[in-house]
Amino acid sequence: VNWELLLVQTLNGVQYGLLLFLLAAGLTLVLGIMNFVNLAHASLYMLGAYLGAAAFAASGSFLLAGAAAVLGTLLIGLIVERTTLLAFYARDHLDQVLATFGLILFFNELVRVIWGPQPVYMRAPDGFTGAVSVFGALYPSYRFLVIIAGLVVAAALYFIIHHTRIGMLIRAGASNARMVSVLGVNIRLLNTLLFGLGAALAGLSGLMAAPILAVQPGMGDNVLIVVLVAIVIGGIGSVRGAFFGALIVGVVDTFGRTMLPLLLRQMAERSVADAAGPALASMLIFLFMAVVLAFRPQGLFPARK
Amino acid sequence: MTFFPEPLSWRSPRVAVVAALIAVLALLPAVTAAISEPFYVTLVARILIFALAACGLNLVLGYGGLVSFGHALYVGLGAYVVGLLSFHGVTSGWVHLAVTLAASALVAWVTGLICLRTSGLAFIMITLAFGQMFYFLGVSLKQYGGDDGLQIAARSDFAPLSIQSNTGLYYVSLALLLATLYLSWRLVHARFGRVLRGAKSNARRMRVLGFPLLRYQVTAYVISGCICAVAGLLLANLTKFTSPAYMFWTVSGDLIVMVLLGGIATVIGPLVGAAVYVIMETVLAGYTQHWMLILGPIIVLIARFARRGLYGFLLR
């Protein structure tokens with residue numbers, strides 16, 4: 001066994017998982033508490049990446065890029081929520097899915113008009129372009145930054161949700177929104193806050209992903225589906241579930257892509273393995289989700305109701 | 001047993017609309033041949049094929065109340081059956097059809113059983129995930145073109161019928177669509193359809209009445225998958241091409257828009273919706289290359305205001 005490879009792949013899996021978590025956290029809160037399916041979360045992630053990359057290219061400062069990505073998506077998120085999505089809160093899921101699907105098409109085309117169809121590349125910020133040595137294995141330091149950012153956000157969310165008044169209201173809203181409203185809490189304001197928080201997190205994850213992935217139109221769509229898988233595995237509406245679900249998906253997907261073709265090559269003929277390996281690897285997280293659902297339809301870490 | 005499953009008033013506007021629609025569709029190839037604009041046959045064949053897929057989706061989405069966001073899977077499955085069998089030298093359309101039906105029924109049965117363990121939000125996400133799973137499977141099939149798709153050398157051979165000409169394919173698609181529409185009309189008014197609709201409006205009550213809902217819903221899911229797969233078979237024959245793009249999740253979204261636009265839970269709605277949507281796409285795409293910039297907001301407006309759809313509007 002190649003321990004170095006194993007270590008690097010584990011780190012890659014955790015890094016991918018935490019990136020997914022940044023997206024999943026906002027999405028699952030909106031899903032669980034407002035009972036609203038926001039597919040346009042994928043667009044906010046994409047916009048975060050574009051805004052961040054543009055600000056970074058213009059200023060050279062990663063902090064400014066972060067501010068542009070987070071505040072920009074926050075603002076866009078709030079505008080979209082107020083102008084368009086507010087009317088869909090009381091509608092059924094079908095209408096919500098359709099409306100946010102329309103928004104995705106719109107934003108994908110919008111960035112194509114503004115930034116062109118070619119991918120935009122963003123380099124890692126100064127000081128994070130190199131690699132650090134972990135137990136003898138070299139690992140890009142920027143990816144460590146992503147891991148740290150993910151863990152910081154997870155800890156902050158945990159603190160907010162479990163130890164602040166706002167968090168208490170969020171939890172209360174999750175179990176009975178109408179009751180919270182009757183007790184005199186402005187649930188609409190709370191909803192907007194939540195939506196804004198989710199949008200900002202989506203922007204942050206877009207920025208963090210920008211130096212690793214190509215920034216291009218539609219970049220959020222595929223990630224969105226993986227995030228939905230993570231949420232379903234973790235349990236809809238639970239941030240804890242989103243955290244573990246995202247980590248599991250990140251690690252399973254990363255290992256599936258690197259290890260499965262190698263493993264198959266030892267068991268089957270090379271031509272068969274080369275054909276089946278990538279196919280199986282790309283299906284792995286979905287098969288994993290199917291197995292989880294077959295035994296626990298509510299997810300592994302469901303929200304306590 | 002009568003021919004029509006529900007009483008019809010011959011003077012109601014919808015009978016007139018449906019009769020006019022069928023007449024136009026039946027005469028269209030002759031008209032386009034007369035004015036030598038053969039492009040329209042291909043365009044309307046495309047409409048018919050998407051109408052067939054939307055009709056399949058409508059069965060679970062409209063009548064069953066099951067929001068599937070992954071029905072492009074079956075369209076792609078049908079297209080890939082044609083592509084893969086032709087690639088390996090099997091050209092008989094009847095074999096293509098049989099394999100398409102068997103494969104889609106199997107996939108729909110297995111994924112349906114898993115998806116239907118959940119409901120509501122989770123159901124939407126899981127059907128979406130399964131759709132993307134097959135999309136990625138198609139992308140990873142490098143020996144069959146992967147991302148770029150697979151050219152199909154010749155159309156399926158449905159001897160003694162022929163779909164080698166666009167007109168032939170058009171009439172086969174039209175016949176299949178009309179037959180499917182009629183059968184789905186019968187189906188939703190039969191006991192099966194009533195149970196399905198009952199499950200949509202009050203699942204708990206239906207269970208208490210003793211109906212094994214899962215069995216009905218899985219059956220509807222399988223039928224719906226098979227209809228979409230046949231649409232995929234026709235689509236691959238129309239374009240002589242199959243690609244993972246047919247399974248991409250936005251295609252599932254397009255199908256939902258067609259159902260809603262035409263009139264959810266109406267028999268003719270999917271045809272009306274598909275026609276308006278495909279024409280709208282074509283017109284917008286001819287107008288600007290950034291047509292999605294216009295289509296996106298239109299979809300938002302459809303979701304916001306088209307509660308009963310264009311055809312549903314007539315039913316009032």
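Each chain gets a letter, A, B and so on, in the order its sequence line appears, and its residues count up from 1.
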Colleague: Could you tell me the separation between the CG atom of L128(B) and the CG atom of L224(A), rounded to the nearest 0.5 Å?
Modeller: 7.0 Å
Colleague: Calculate, to the nearest 0.5 Å, the distance between atoms CD1 and CG belonging to I126(B) and L293(A) respectively.
Modeller: 4.0 Å
Colleague: Does the side chain of F101(A) reach to within under 4.5 Å of the side chain of V257(B), using non-hydrogen atoms?
Modeller: yes
Colleague: If you count heavy-atom pairs under 4.5 Å between each of I231(A), L39(A), V113(A) and chain B, which one has the most?
Modeller: V113(A)
Colleague: If every non-hydrogen atom of I114(B) is compared with every non-hydrogen atom of A290(A), which pair is closest and at what distance?
Modeller: CD1-CB, 3.9 Å
Colleague: Apply side chain to side chain contact (heavy atoms under 4.5 Å, CB included) to residues V232(A) and L121(B) and explain how you reach the verdict.
Modeller: CA-CA 9 Å; V232(A) 169; L121(B) 279 175; over 6 Å; no
Colleague: Is the closest side-chain heavy-atom distance between M133(B) and L287(A) below 4.5 Å?
Modeller: yes
Colleague: Chain A contacts: which residues in residues 136-146 of chain B have a non-hydrogen atom closer than 4.5 Å to it?
Modeller: F136(B), L137(B), S140(B), Q143(B)
Colleague: Ignoring hydrogens and angles, tell me if any N or O in the side chain of R304(B) forms a donor-acceptor pair with the backbone of T84(A) under 3.5 Å.
Modeller: no
Colleague: Against chain B, work out which of L284(A), T100(A), V229(A), I236(A) has the most heavy-atom pairs shorter than 4.5 Å and name it.
Modeller: I236(A)
Colleague: Count the heavy atoms belonging to other residues, nucleotides or ligands that lie under 6.0 Å from CZ of R82(A), then report whether that count exceeds 12.
Modeller: yes
Colleague: Looking only at non-hydrogen atoms, find the nearest pair between I104(A) and W249(B) and report the distance.
Modeller: CD1-CH2, 3.5 Å
Colleague: May I ask you to test the L94(A)-I264(B) pair for a side-chain heavy-atom distance under 4.5 Å?
Modeller: yes
Colleague: Top residue by heavy-atom pair count (under 4.5 Å) with chain A, among M125(B), R117(B), Q132(B)?
Modeller: R117(B)
Colleague: Quick one: pull up CD1 in I298(B) and CG in L105(A) and give me the separation to the nearest 0.5 Å.
Modeller: 11.0 Å
Colleague: Minimum heavy-atom separation for L103(A) to V300(B), with atom names?
Modeller: N-CG2, 4.1 Å
Colleague: Output the distance between atom OG1 (T250(B)) and atom CG (D221(A)), rounded to the nearest 0.5 Å.
Modeller: 8.0 Å
Colleague: If you check every heavy atom in residues 56-69 of chain B against those of chain A, which residues fall under 4.5 Å?
Modeller: L61(B), V67(B), F69(B)
Colleague: I'd like to know whether CZ of R188(A) has more than 12 heavy-atom contacts from other residues, nucleotides or ligands below 6.0 angstrom.
Modeller: no
Colleague: Return the CZ to OG1 distance between R296(A) and T118(B), rounded to the nearest 0.5 Å.
Modeller: 15.0 Å
Colleague: Between M283(A), R91(A), H93(A), M289(A), which has the largest tally of heavy atom pairs under 4.5 Å with chain B?
Modeller: R91(A)
Colleague: Select one option (side chain, backbone, both, neither) describing which atoms of L301(B) are under 4.5 Å from chain A's heavy atoms.
Modeller: neither
Colleague: Take M292(B) and N108(A) through the side chain to side chain contact (heavy atoms under 4.5 Å, CB included) test and state the conclusion after the steps.
Modeller: CA-CA 8 Å; M292(B) 295 253 242; N108(A) 281 349; over 6 Å; no
